[in-house]
Amino acid sequence: MGAALQVTAFGLALLSTLFLLLATCTDCWMVNADDSLEVSHKCRGLWRECVTNMQDGVRTCDQYDSILADHPVKIVVTRTLMITADLLAGLALATLVLGLDCITFLKEDPCVKLKMCYGAGVMLGAGSILGLIGSMWYAVDVYVERAMLVSHNIFLGVHYDFGWSCWLGMAGSTGCFVASVLLTCCLY
């Protein structure tokens, strides 16, 4: 039972870590939601802003100036939280691989292997919380920005909504949290 639970938690942690990494690297955290009026599809991410022409499919991207340049708080905080979540999830995944019962590393000391799995669960939990806070921070800021424009009757011609990268970050964080619960609560 314990080995099956470990392998299940490992598979979920691996998939969720990949989701977190993809969310951090991709550039569709915000997308324009009103495609009926637009001839282009706009995506804003943590690292750049891209525009795809709907007629010919040409995509152009503008990189943000520098990592150290002045950026909106939502981008800086989300970058920091997502990178930290990626690092924690990656470290937890490496620790979990070494702690699995099916791996021959430290096979003579099952207590240490169990502690490694528990430690990996704690790291996954911390990474999932940071990733969820980062994704939710960005999503709430997009919503508040849109609500402020609507409340002041300002129409800029572009209406942004949550992009698939934001949803991917939330899904990856949730998966890491479930894997953390499996490793910390159910393994014993």
Side-chain angles (χ1 to χ4, degrees), residues 1-31 43-48 50 61 63-64 67-68 71 74-142 162-188:
M1 174 78 175
L5 191 61
Q6 284 179 349
V7 171
T8 302
F10 173 73
L12 185 59
L14 179 65
L15 183 66
S16 301
T17 301
L18 289 175
F19 281 1
L20 280 175
L21 286 169
L22 280 173
T24 305
C25 297
T26 53
D27 55 1
C28 266
W29 282 75
M30 282 176 29
V31 295
C43 284
R44 287 187 187 172
L46 302 177
W47 311 103
R48 61 188 178 172
C50 294
C61 296
Q63 298 278 348
Y64 295 145
I67 292 176
L68 301 176
H71 294 292
K74 74 176 172 186
I75 289 179
V76 174
V77 169
T78 304
R79 278 181 184 174
T80 304
L81 291 170
M82 293 303 290
I83 289 172
T84 307
D86 292 343
L87 292 173
L88 281 171
L91 183 61
L93 206 56
T95 306
L96 182 58
V97 165
L98 295 176
L100 290 174
D101 288 339
C102 58
I103 304 296
T104 59
F105 179 75
L106 291 174
K107 193 70 167 176
E108 64 279 350
D109 200 356
C111 184
V112 172
K113 289 180 83 71
L114 191 61
K115 287 181 182 178
M116 290 177 81
C117 287
Y118 184 75
V122 170
M123 285 187 279
L124 275 172
S128 71
I129 290 170
L130 292 176
L132 198 57
I133 289 172
S135 300
M136 294 301 291
W137 170 281
Y138 198 92
V140 166
D141 199 59
V142 169
F162 313 132
W164 60 269
S165 296
C166 189
W167 292 112
L168 202 60
M170 289 181 203
S173 299
T174 304
C176 282
F177 184 76
V178 171
S180 170
V181 168
L182 287 176
L183 289 171
T184 56
C185 300
C186 301
L187 196 58
Y188 293 102

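All of these numbers come straight from a predicted model, not from anything done at the bench.
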>> Treating Ser128 as the side-chain partner and Gly125 as the backbone partner, does any N or O pair qualify as donor plus acceptor under 3.5 Å?
In response: yes
>> Quick check: closest heavy atoms across Gly99 and Cys117, and the distance to 0.1 Å?
In response: O-SG, 3.2 Å
> How far apart are the closest heavy atoms of Gly127 and Leu88, and which atoms are they?
Replying inline: N-CD1, 3.8 Å
> NZ/Lys74 to CE/Met30 distance, rounded to the nearest 0.5 angstrom?
Replying inline: 4.5 Å
> What's the spacing between Ser180 OG and Met123 CE if we round to 0.5 Å?
Replying inline: 10.5 Å
> If you measure from SG on Cys176 to CG on Leu12, what distance do you get to the nearest 0.5 Å?
Replying inline: 7.5 Å
>> Could you check whether the SG atoms of Cys43 and Cys50 sit less than 2.5 Å apart, since that is the cutoff I want to apply?
In response: no
With a 3.5 Å cut-off and sequence neighbours excluded, list the donor-acceptor pairs that the side chains of residues 133-140 form with protein atoms.
residue : atom : partner : partner atom : Å
Ser135  : OG   : Gly131  : O            : 3.0

> Measuring from Trp47:CH2 to Trp29:CH2, what's the distance to the nearest 0.5 Å?
Replying inline: 10.5 Å
>> Would you compute the distance between atom CD of Gln6 and atom CG of Leu182 and round it to the nearest 0.5 angstrom?
In response: 11.0 Å
> Checking side chain to side chain contact (heavy atoms under 4.5 Å, CB included) for the pair Tyr118/Leu183: CA distance, chi angles, key distance, verdict?
Replying inline: CA-CA 6 Å; Tyr118 184 75; Leu183 289 171; over 6 Å; no
> If every non-hydrogen atom of Leu20 is compared with every non-hydrogen atom of Gly172, which pair is closest and at what distance?
Replying inline: CG-C, 4.0 Å
> Quick one: side chain to side chain contact (heavy atoms under 4.5 Å, CB included) partners of Val7, sequence neighbours excluded?
Replying inline: none
> What residues form a side chain to side chain contact (heavy atoms under 4.5 Å, CB included) with Leu21, not counting sequence neighbours?
Replying inline: Thr17, Asp86
>> Give me the atom names and distance for the closest heavy-atom approach of Asp27 to Cys61.
In response: OD2-SG, 4.1 Å
>> How long is the straight-line distance from CG of Leu93 back to CZ of Phe10, given to the nearest 0.5 Å?
In response: 5.0 Å
> Of all heavy-atom pairs between Met82 and Ala23, which one has the smallest distance, and what is that distance?
Replying inline: CE-CB, 4.1 Å
